[in-house]
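The structure displayed is predicted, hence computed values, not measured ones. By convention in this document, chain letters (A, B, ...) are assigned in the order of the sequence lines, proteins followed by strands, and residues within each chain are numbered from 1.
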Amino acid sequence: MMNRINQKLQEDKKLLSIYFTAGYPNLHDTETILQNLEASGVDMIEIGLPFSDPLADGPTIQASSTQALKNGMTTEVLFNQLKDVRKSVSIPLIIMGYFNPMLQYGIDAFCKKCAEIGIDGLIIPDLPVDVYNEQYKTTFEKFGLINVFLITPQTSVERIHFIDSISNGFIYMVSSASVTGSQSGFGEEQSNYFKRISNMNLKNPQIIGFGISNNETFTQATTYAKGAIIGSAFIKHLSKEGVKETDSFVKSILNKT
Amino acid sequence: MSYNINEKGYYGEFGGAYIPEMLYPNVEELRQNYLKVMAEPKFQKEFKQLLKDYVGRPSPLYFAKRLSKKYNTKIYLKREDLNHTGAHKINNTIGQILMAQRLGKKRIIAETGAGQHGVATATVCALMGLECIVYMGEIDIARQAPNVARMKMLGATVVPALSGSRTLKDATNEAIRDWINNPVDTHYIIGSVVGPHPYPDMVARFQAVISEEIQWQLQEQEGKTKPDYVIACVGGGSNAAGAYYHYLEDTDVKLIAIEAAGLGVDSGESAATSVLGKEGIIHGSKTLLMQTKDGQITEPYSISAGLDYPGVGPMHAHLYKSGRAQFISITDNEAMKAGLELCKLEGIIPAIESSHALAVFEQKKFKPNDVVVLSLSGRGDKDLETYINYFKL
C-alpha cells in the first residue's frame, strides 16, 4: 500500500499542512484538534512531540511545548492518545519532534509504534541527514515511515541533491534563515529562493514552512511549491480561540468563507 | 583505544553534530576551516602573543607546600586563576575571536551561565572592536549582577533568555537561535567543550595551552614532564580538557574529573552528570546528560554556577565510559570547606568551581611521592557573596 503522504502528494492541488504541539493547550486536546483540522479541509497534519529544548523553534512553539510538558505530555501519553486515531482521521499524519526523546524511547520501538498507529512520516530537525542515512534509514523503511528533511536558503546545491536522493516523500523548505514564527511576509529574496528551488526539478515535491501565517503568505509559497506548513500562527490561534475554532483559522488561510 | 577525536567528530561513541539543517552551513564552515586556520604560523604567532602579553601566560605551576604537607603528597596548582578576567575561559575566547576574524565574521554571540564566559567574550570583543551579544538566563542575570555590569562596561549587549528554565541551557538555546537567524556574519563563541563538532575539539585545542605549559613547568621543577595525576573540575569540561589534553593518550598519567554533587548525588539537587546522566543529545552533541526517562533535559543544581550544566562535553563522556578518567562527585559543603582551606593554607581564594577539585584530597588518598597537578581554574572574587553567605563572614 502506498504511504498516505505519497498519495496526498499526487493530488492535483496545493496542500495545506498544519503543525500543532501535542498536549497544548490542554493535555487531551490532541484528538479533537486532529478531527477538527481534517473536517476543515487541512491536507496533512504535523503532530509536535514537545521537547524541553527545541532549538529550531521560536518563542511561540517553545512556549506551547513548555506548557504541554507541564500538562503531562510524554511520548507514551501521545502514543496512547493516538492509539485509535485511524478510526476517525484519514489524512497523512507526521510526528515532528527532536531526536533525544525518540532516542530515549528507542528508535526501533518508536518507529514500530508509529507504524502500528498509522503515522506516515517523521520530521526530526536535529537528526542530521548523514547520521540518518548511515544508521536509521533501514529502520524507518522497514516500518514504512517517510523521513522528511529540511533545506534552507543556505543549503548548497550539492547538498540539496543529496537530500533529494535519500528522500521519498517531500522536502521541507525552510523559507528563510530563521527559527519558526519569526517572519512576517515574504520579500523578493524569498521569492527568488522559491523560484530557484522550483527550477531544480527535484524528484521530491517541496512544501514550504516557517513564516506562513495567512492567505497571502500561503499563496506566495504555493505559487512555487506543492504546499505550505503553518505552525506558530496556528498555535497563536489555539491559545486565543481554543480548540473549537480551528475552522475559521483554516478558512482564513484558504480564503474560503 | 584513542581518547582524542576521530575524523568524524566523535570521541568513541560521543560527539557528532546533531544540529538542525539551518545551522549546517555555519557549523560546516567552521569544521572545514578550524584546523587549517589554527595551523597557520601567523595565527599561532598572534594567539601565543596575546596569551603572553594580554592574558599573562604562562600561568604559574605553583608547588603548594602547606597543602602538600597536610595531605602528605606533592600538590602543584596550575594557576589559571591568575589569568586576565580571572579564569581559564579567556584562553578559548582569545582563540575563537582570532578564528572569527579569519572567517570574516563581524558579530559575536555567546552564552553564559554565571557570566565568566560572557565576561571573557566581551573582553576579547572589546580588544578586537567587534560587536558582542551575550545571552544569559533571566534568573542568572538577577543572581550575577556584577558580571552583568562587567559585560556592559566592556561594551557587550546582554540579552535575557526568557524561555524554558531561564538559565544556562536556555541561554545556549537562545544563542543557537540567534545563529540560525544570522547565519552569515556571526560567529558563536561557545564557552566550553560542548556543542556540535568541531566545537568540543576546537575549544579543547585552545585550552590545551594549560597542559602544554604543565609539561615544561613540571620538567623544570620535578625533572619530568609527566605528573602521576591531573585533577580538574568538570561542568561542561573545558578546563579539564585543557589540563588533560597532552596527557590523554598517556595512560601513565591518571586523570581525575570532579563533578558537582550539589546537595548530594541522590538529593534531586545535583549536577553529577556521570552518575545521574544517560546517553542522549544536548546542544548538538551526543553525550551524557541529565534527563527524564522521557528524554526531557532536566535542570541541574550546584552552588557553583560554572558546574551547573546538565551535560558534559563528549570528550568527558568518553573518558568516563572508557574508564580513562576517574569521576568523583563533591557536594556543596565539601567544596566550600576545601575552598576556605586553600585560603588559610596558601593565601589563595579559589573560585567555587575549583574548590570542588580541591575537595578531592579529603576523598582520595595519594602517595607521598605522587606528583599531583590540580587545575585551579578560576579565582574566587566572583564568588565572594556566596562565600560570605555560606560562612556568615
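Salt bridge B/Asp201/B/Arg205: present, at least one basic N to carboxylate O contact under 4.0 Å. Taking the charged nitrogens against the carboxylate oxygens, B/Glu29 and B/Lys105 do have a contact shorter than 4.0 Å, which makes a salt bridge.
Counting only N and O atoms by type, the side chains of B/Asn173 and B/His283 include a donor and acceptor under 3.5 Å apart. Side-chain polar atoms of A/Asn80 and A/Glu76 form no donor-acceptor pair below 3.5 angstrom.
The greatest number of non-hydrogen atom pairs below 4.5 Å with chain B, out of A/Leu127, A/Ile124, A/Asp57, A/Asp130, is found for A/Asp57. Most heavy-atom pairs under 4.5 Å with chain B: of the set A/Tyr98, A/Phe51, A/Phe149, this distinction falls to A/Phe51. The most heavy-atom pairs under 4.5 Å with chain B, out of A/Leu55, A/Leu150, A/Leu103, A/Asp53, come from A/Asp53. The greatest number of non-hydrogen atom pairs below 4.5 Å with chain B, out of A/Thr155, A/Val174, A/Leu69, is found for A/Leu69. Between chain A and the options B/Pro196, B/Pro183, B/Gly284, the largest number of non-hydrogen pairs under 4.5 Å is found for B/Pro183. Ranked by heavy-atom pairs under 4.5 Å with chain B, the first of A/Ile163, A/Val129, A/Thr75, A/Thr66 is A/Thr75. Annotation: maximal heavy-atom pairing with chain B below 4.5 Å, among A/Pro125, A/Ala63, A/Ser156, occurs at A/Pro125.
Heavy atoms of B/Ile19 lying under 4.5 Å from chain A belong exclusively to its backbone. Of the two parts of B/Gln291, only the side chain, counted from C-beta on, holds a non-hydrogen atom closer than 4.5 Å to a non-hydrogen atom of chain A. The contact between B/Lys8 and chain A is made entirely by side chain atoms (from C-beta outward), counting heavy-atom distances below 4.5 Å. Looking at A/Gln154, both its backbone and its side chain come within 4.5 Å of chain B, counting heavy atoms on both sides. If you measure heavy-atom distances from B/Tyr18 to chain A, the contacts under 4.5 Å come from both the backbone and the side chain. Contact of B/Leu289 with chain A is made through the side chain alone, with heavy-atom distances under 4.5 Å. Interface residue A/Pro50: only backbone heavy atoms are found under 4.5 Å from chain B.
Other residues, nucleotides and ligands place more than 12 heavy atoms under 6.0 Å from the CD atom of A/Glu116.
A 4.5 Å side-chain heavy-atom check between A/Ile45 and A/Phe20 finds at least one atom pair inside the cut-off. Counting heavy atoms from C-beta outward, B/His316 and B/Thr273 have side chains that stay 4.5 Å or more apart.
Ring planes of A/Tyr224 and A/Phe194: tilted class, angle from 30 to 60°.
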### Task
Quick one: do A/Met200 and A/Ile197 satisfy side-chain contact (heavy atoms from CB on, under 4.5 Å)? Show the steps, please.
CA-CA 5 Å; A/Met200 284 179 78; A/Ile197 303 299; 4.0 Å; yes

